[in-house]
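A quick note: this is a predicted structure, and the numbers were derived from the prediction, not measured. Count residues from 1 along the sequence.
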Amino acid sequence: PRTVSDRMPGIPLLIGSPAQVVDATPDEARLIAIVGSVLVLLLLCVIARAVSRRFGLPDAVTLVAVGAVAGLLAERFAPLGALGEMVVTPSVVFFVFVPTLVFNSAFSMDARALRENLAPTLTLAIPGLLLSTTVIGGILYWSVPLFGVSLAWPEALLLGSILSATEPVAVVSMFARVGAPKRLSVLVEGESLFNDATAIALSRVLLGIMATGAVGNPFFHGLTEFLLLFSGGVLVGWALALAAGFVLGAVHGDTLVEITITTLLAYLAFYLGEHTFGVSGVMAVVMAGIVMGGWGRAKISPSVSDYLSDYWEYFAGLANWVIFLLVGLTIDLGSLVDSLPILVWVVGAMFLARALAIYTLLPVANRLTGAEPLDRGYQTVILWGGVRGGIALAIALSLPASVPNRDLLITLTAGAVLVSLITQMFTIERVVRFFRLDQPTLADRLAKLEAQIAARQRALDEIPDLQGGGLFSRTVAAETEERTRRALEREREALAELRAAGLDRAQEQRLLYLRCFAAERHQYYRMLSLGHLSERAYRNLAHSLDLQIEAVRHEGRIPEFTLHPPSGERMETMAYRVLARIPGFRSRVERLRARRAARDYEVAWARYRGDERALADLSELAENIGARDEVVEELRAYYSYWYEQARA
């Protein structure tokens, strides 16, 4: 009898006895193949993860290597033959992996911090990606024929757009580990988030031009289509996120429903964007994730919020693993070796294009928008932190079979991603340290010593009680007390030396500001825990403090706004004025204005209490750091002014 493989060629059968396989219907065989394939892929992911942890290698590099080894073994051992036959279709890549990866990045992004750095972020994500695509495409179009290969302009630009998509996950985790400024993480994450959507939309435009040919002016045609895809995706994602937020508010407290709604939002935004409205599904997912991660978080139950973040982080990590593993399984190592001469040009063009985009566009964006300038250290770290990863591979794997030189494009993408991962991931930490962006500030070093002194003092206070309970001998207690006193004296001497060596008036001022901000934050958290403050108001106030802390720590200044910039409130006010003129909307606008007034009252009251707490603690905080009297009085004047403004 004919086997299922005869009836359904190309379907890998990984589990099931021969009798079951022969008797299975085509649908059952397909289901068996899918389940078996998923199990084998997950097992290989676990093996690769264990190897990377054991030898300290990047996960992505290990996954590709394990996939390549598994592919080679599949060619020699019949039981693993199905691995070699595994086919990665474009629909699987886009409908399973991409929404998960993009939504997780957007949902975990600090929407307020992103808004603060929107000008440089969008500059890198849109004009920067277009410049990078053109540079890479131009270099390859003119250089590849030297190696006996012909790439048309659309194909060269397509590869350029693919290699311009960056992956921030591993780099951002490294930033957190070395204590790099938060703004650096926001810029790298935000750029990656938007340039992923830009790269996918641009590749879609280029594929359309390749399939149908350019009609009229190809540049105008492509630009128009790109803008429609991009802006349409923004509208679709925004509308769906608002609808999901209102539903979440209605089912508050139901864990399963809340998690399911966010899952539906991610995949529905992509599906409706791509297939119903014909716009950028990825941009729809980006916008939905940003809105849900900002405004929508207030709709999510506090008990579900942390779990929801872990849920999306797990599935995004799993999607990344599988993509890299599939690249290893499907890549032809012989073709990769044969393509090494071309790959050298590809990698060189990729880094050159990235450098041009960073060093030319970022300074222009800062001057035009009046944003805080980024020095050469920031620019270089952003340049070297633009690692190519899962999204680039997903775009390459999703190319339809009709694309000329498809296998070459996938091979070059995989090779460039591997080079990027190996060179950049192993050296980015050194770049950060070279520009001293990891150096703890004087405030951090003082705070650490003060915390250690407080802990030692607490230990000394506890020793008599512990010994008095009869559980420790007098000898052990005396030895422990003496050791603790010696350590306490050393730390007090180090604190005094640090103050004498580097604590000038400006640093005293910054340090005292940070102590006052900490007192404010403690007061806000206490009000939240007692139910006196809503989560939304608390997040707004905490974000304002984060802005001030970052400005003081890394820039030595207080930002222009001590409450987050009111641009959103101005737009809200304008919208109310317009809606109030529409018949039938006046009562609705009045209710919205009443809610706005209640929200403003809540924030003002919280700031009044926070400033009151900081003023009450100011003398004690100043004594702890030995601040000058004029510094204390200057801060007292500021906080008294803010206190009176909030009270008014």
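For Ala416 against Leu343, the heavy-atom pair with the smallest separation is N-CD1, 3.5 Å. What you find for Gly138 and Trp153 is that their closest heavy atoms are CA-CH2, 3.7 Å. Of all heavy-atom pairs spanning Ser161 and Thr133, the tightest one is CA-OG1, 3.4 Å. Between Ala392 and Thr413, the closest heavy-atom pair is O-CG2, 3.8 Å. Of all heavy-atom pairs between Val286 and Ala106, the closest is O-CB, 3.5 Å. In terms of heavy atoms, Ser203 sits closest to Ile395 at OG-CG2, 3.9 Å.
Residue-environment remark: CZ (Phe434) stays at or below the threshold of 12 foreign heavy atoms within 6.0 Å. Within a 6.0 Å radius of CD in Gln457, more than 12 heavy atoms belonging to other residues, nucleotides or ligands are found. Atom OH of Tyr525 is surrounded by 12 or fewer heavy atoms from other residues, nucleotides or ligands within 6.0 Å. Shown here is Phe435, whose CZ atom has more than 12 heavy atoms of other residues, nucleotides or ligands within 6.0 Å.
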Point to revise | Candidate pair Thr360 and Leu131, rule side chain to side chain contact (heavy atoms under 4.5 Å, CB included), full reasoning | key: CA-CA 10 Å; Thr360 60; Leu131 174 61; 4.1 Å; yes
Exercise for review: Would you check, one step at a time, whether the test side chain to side chain contact (heavy atoms under 4.5 Å, CB included) holds for Ser309 with Arg297?
Suggested key: CA-CA 11 Å; Ser309 298; Arg297 280 193 185 272; 3.9 Å; yes
Review point. Can you list the steps and then say if Tyr538 with Leu541 is a side chain to side chain contact (heavy atoms under 4.5 Å, CB included)?
Key: CA-CA 5 Å; Tyr538 172 76; Leu541 292 162; 5.7 Å; no
Exercise for review: Show the numbers, then the answer: is there a side chain to side chain contact (heavy atoms under 4.5 Å, CB included) between Leu512 and Leu618?
Suggested key: CA-CA 8 Å; Leu512 195 52; Leu618 186 57; 4.1 Å; yes
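Judged purely by atom type and a 3.5 angstrom limit, Ser192 has no side-chain atom pairing as donor or acceptor with the backbone of Val188. Between the side chain of Asn195 and the backbone N or O of Thr198 there is no donor-acceptor pair closer than 3.5 Å. With hydrogens and angles ignored, the 3.5 Å screen pairs a side-chain donor or acceptor of Ser164 with a backbone N or O of Gly160.
With sequence neighbours left out, the ring pair (Phe, Tyr, Trp, His ring centres under 6.0 Å) criterion links Phe103 to Phe107, Trp312. Residues satisfying the salt bridge (charged side-chain N to carboxylate O under 4.0 Å, His left out) test with Arg53, not counting sequence neighbours, are none. For Trp384, the ring pair (Phe, Tyr, Trp, His ring centres under 6.0 Å) partners at least two apart in sequence or on another chain are Phe351. Judged as a ring pair (Phe, Tyr, Trp, His ring centres under 6.0 Å), and not counting sequence neighbours, Tyr307 has no contacts.
Contact check for Val387 versus Thr166: no side-chain heavy atoms found under the 4.5 Å cut-off. In this structure the side chain of Tyr141 never reaches within 4.5 angstrom of the side chain of Glu155, judged on heavy atoms. Residues Thr100 and Leu318 are not in side-chain contact: their nearest non-hydrogen atoms beyond the backbone lie 4.5 Å or more apart. Considering only heavy atoms from C-beta on, Asp546 comes within 4.5 Å of Arg521 through its side chain. Two residues are said to be in side-chain contact when any heavy atoms from C-beta on lie closer than 4.5 Å; Pro363 and Gln379 meet this criterion. Residues Arg388 and Leu421 form no side-chain contact, since every pair of their non-hydrogen atoms from C-beta on lies 4.5 Å or further apart. The side-chain heavy atoms of Arg49 and Leu63, taken from C-beta on, include no pair separated by under 4.5 Å. Side-chain atoms of Phe230 and Ser280, non-hydrogen and from C-beta on, never get closer than 4.5 Å to each other.
Ring-plane geometry between Phe517 and Tyr639 is classed as tilted, the angle between the planes lying from 30 to 60 degrees on a 0 to 90 degree scale.
The distance from the CG atom of Leu130 to the CG atom of Leu157 is 10.5 Å, given to the nearest 0.5 Å. Residue Leu187 holds its CG atom at 7.5 Å from CG of Leu124, rounded to the nearest 0.5 Å. The CZ atom of Phe194 sits 13.5 Å away from the CG atom of Leu129 when rounded to the nearest 0.5 Å. Annotation: the span from Leu412 atom CG to Ile342 atom CD1 amounts to 6.0 Å, rounded to 0.5 Å. With values rounded to the nearest 0.5 angstrom, Met283 atom CE is found 7.0 Å from Leu193 atom CG. The CG atom of Leu308 sits 11.5 Å away from the CD atom of Glu313 when rounded to the nearest 0.5 Å.
With 3.5 Å as the limit, one finds a donor-acceptor pair spanning the side chains of Gln424 and Ser420. A donor and an acceptor atom, one from each side chain of Glu520 and Tyr524, are located under 3.5 Å apart.
Among residue pairs with one or both ends in residues 340-357, those qualifying as salt bridge (Lys or Arg N to Asp or Glu O under 4.0 Å) are Glu191-Arg354; sequence neighbours excluded. Note on residues 338-353: no pairs pass side chain to side chain donor-acceptor pair (under 3.5 Å), not counting sequence neighbours.
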